[in-house]
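One structure below.
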Amino acid sequence: MGSDDQHGLARHLAGLQRPVGVRGLERSLAFYTAVGYEVVGSVLETAFGHLTMLKLPDDDFVTVELVHDPTKGEVDRGTGLSHFVIKVESLDATITELAARGIDADAPGSPDGSA
């Protein structure tokens, strides 16, 4: 398959969900629901642990899957996903809402620390 064929195929693909390993399921659920995610369902006792599927109200598909295995202790972050972005109408309002729900969020700043 040539390079042009690969790019053509990529136009028809979409990432449907991101598995995110979490240490504390309840705390993670509190955060994700506070920023607007809805719990779609869960699957207990899989080979990976307890899976909880989340989506935003306007999403057609599950976009985040929380993976929790209390028997493993610390979550191995490995070299995979380090962060993902959630679009909000107002960053200040979202940080205030998170604080009202008991979730600490750092004040926004620039990568180089100048702001």
Side-chain angles (χ1 to χ4, degrees):
M1 185 183 283
S3 178
D4 290 338
D5 292 336
Q6 290 173 344
H7 293 294
L9 176 62
R11 285 193 296 265
H12 302 286
L13 301 176
L16 297 182
Q17 71 186 40
R18 304 286 185 263
V20 178
V22 298
R23 183 174 31 182
L25 183 59
E26 293 305 316
R27 183 171 186 223
S28 296
L29 283 171
F31 169 77
Y32 284 100
T33 56
V35 296
Y37 280 87
E38 302 171 341
V39 175
V40 175
S42 62
V43 181
L44 303 175
E45 300 179 24
T46 72
F48 305 106
H50 180 109
L51 309 179
T52 303
M53 282 65 76
L54 308 172
K55 71 179 218 48
L56 291 168
D58 293 335
D59 288 344
D60 293 327
F61 303 98
V62 168
T63 52
V64 174
E65 177 185 72
L66 302 180
V67 181
H68 178 251
D69 186 349
T71 66
K72 292 190 177 177
E74 289 294 315
V75 174
D76 179 12
R77 292 186 178 194
T79 59
L81 179 70
S82 66
H83 70 281
F84 61 93
V85 178
I86 303 168
K87 179 182 175 184
V88 297
E89 293 297 319
S90 166
L91 185 56
D92 290 334
T94 301
I95 290 173
T96 299
E97 178 66 22
L98 290 172
R101 295 176 185 228
I103 300 169
D104 294 327
D106 293 336
S110 62
D112 67 2
S114 63

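What you see is a predicted model, and the numbers here were worked out from it, not measured in a lab.
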Compare every heavy atom of [Y] with every heavy atom of [X], then report the nearest pair and how far apart it is.
X: Lys55; Y: Asp59; result: NZ-O, 2.8 Å
X: Gly36; Y: Pro57; result: O-CD, 3.2 Å
X: Thr33; Y: Arg101; result: O-NH1, 4.1 Å
X: Gly49; Y: Asp69; result: CA-CB, 4.1 Å

Begin from the C-alpha positions of Phe31 and Leu98 and carry the test side chain to side chain contact (heavy atoms under 4.5 Å, CB included) through to its verdict.
CA-CA 8 Å; Phe31 169 77; Leu98 290 172; 4.3 Å; yes
Starting from Leu91, can I reach Val35 by hopping between I/L/V/M/F/W/Y residues whose side chains sit under 4.5 Å apart?
no
Should Ile103 and Ile95 be counted in the same cluster of Ile, Leu, Val, Met, Phe, Trp and Tyr side chains packed under 4.5 Å apart?
no
Approximate separation, where rounding is to 0.5 Å, of [X] [atom1] and [Y] [atom2]:
X: Met53; Y: Ser42; atom1: CE; atom2: OG; value: 6.5 Å
X: Thr63; Y: Leu54; atom1: OG1; atom2: CG; value: 7.0 Å
X: Ser90; Y: Glu97; atom1: OG; atom2: CD; value: 11.0 Å

Pair Leu51-Leu66, side chain to side chain contact (heavy atoms under 4.5 Å, CB included): steps then yes or no:
CA-CA 6 Å; Leu51 309 179; Leu66 302 180; over 6 Å; no
Side-chain donor/acceptor of His68 to backbone N/O of Arg23, under 3.5 Å:
yes
Show your working on side chain to side chain contact (heavy atoms under 4.5 Å, CB included) between Val39 and Thr52 and close with a plain yes or no.
CA-CA 7 Å; Val39 175; Thr52 303; 3.9 Å; yes
